[in-house]
Amino acid sequence: MARAGAAVWHDVGVPTPIAPFALSRRGLFRLAGAAALSAATVSTVAACADDEISGPALDSLTAQLRAARSDAADATAASTVIADYAAALGIVAAQRTEHAAALDTEIARATGASTNTSPLATTTTVAPVAPPPDIAAVREMLTASARSAADAARNESDYRAGLLGSISASCTVSALVVLA
């Protein structure tokens, strides 16, 4: 029993007052890490600004761009006839479209010219329409695209190597997990 005039103990968590600008050791490390990451990002962007592209490097990125567009079109076509995989093929098509956009942006940045092609053809010949690929064919295309992007990444550095490595990883996941 509590004595008269004595403080009564309450078993309640009481927040510790922290000075508004005081940092814990962990908070200080987080702040230092964020500053280092920001500095690395700024230096990478600055380095990429002066990076010109031509010859084999341009050909490699252009080949990756064509493959991304082709894979997106094939996944879209397959999704219209394979109902069981329609949602998964839609994801693959969206990702490969994003890859094409990222590659197009990088090529345009490095060369100063866009690689977008107009959907309107100036010729009147019509190519025969091929049947949509089956799931196995889409998996094979994605596996080939992953291998090709990984090979291309080995010949690049900095942002382009990361972009191509990311594309390779995405294609591998799409082939082995999304379309499993």
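Numbers for residues simply follow the sequence, beginning at 1.
Under a hydrophobic clustering in which Ile, Leu, Val, Met, Phe, Trp and Tyr are joined whenever their side-chain heavy atoms come within less than 4.5 Å, directly or via other members, Leu103 and Leu58 fall into the same cluster. Tracing side-chain contacts under 4.5 Å through hydrophobic residues (I, L, V, M, F, W, Y), one reaches Met141 starting from Val81; they form part of the same cluster.
Atom-to-atom distance recorded for Arg66:CZ and Gln64:CD is 9.5 Å, nearest 0.5 angstrom. Residue Glu98 holds its CD atom at 10.5 Å from CD1 of Ile167, rounded to the nearest 0.5 Å. Atom-to-atom distance recorded for Arg69:CZ and Asp74:CG is 14.5 Å, nearest 0.5 angstrom. Within the model, atoms CG of Leu61 and CG of Leu163 stand 7.5 Å from one another, a figure rounded to the nearest 0.5 Å. Interatomic distance, CZ of Arg154 versus OG of Ser168, reported as 8.0 Å (0.5 Å rounding). Atoms CD1 and OG, from Ile135 and Ser79 in turn, are 9.5 Å apart once rounded to the nearest 0.5 Å.
The closest side-chain heavy-atom distance from Ser174 to Arg139 is not below 4.5 Å. Residues Ile107 and Leu65 meet the side-chain proximity criterion, which asks for heavy atoms closer than 4.5 Å. Leu164 has its side chain out of reach of Asn155: every pair of non-hydrogen atoms, C-beta onward, lies at least 4.5 Å apart. Side-chain contact check for His99 versus Asp71: every heavy-atom pair is 4.5 Å or farther apart. Residues Leu179 and Val138 have side chains in contact (heavy-atom distance under 4.5 Å, counting atoms from C-beta outward).
A donor-acceptor pair under 3.5 Å is formed between the side chain of Thr76 and the backbone N or O of Ala72.
Counting all heavy atoms, side chain and backbone alike, Gln95 lies closest to Ser170 at OE1-OG, 3.6 Å. Contact record, Ala153 with Gly165: CB-N, 3.9 Å, taken as the closest heavy-atom pair.
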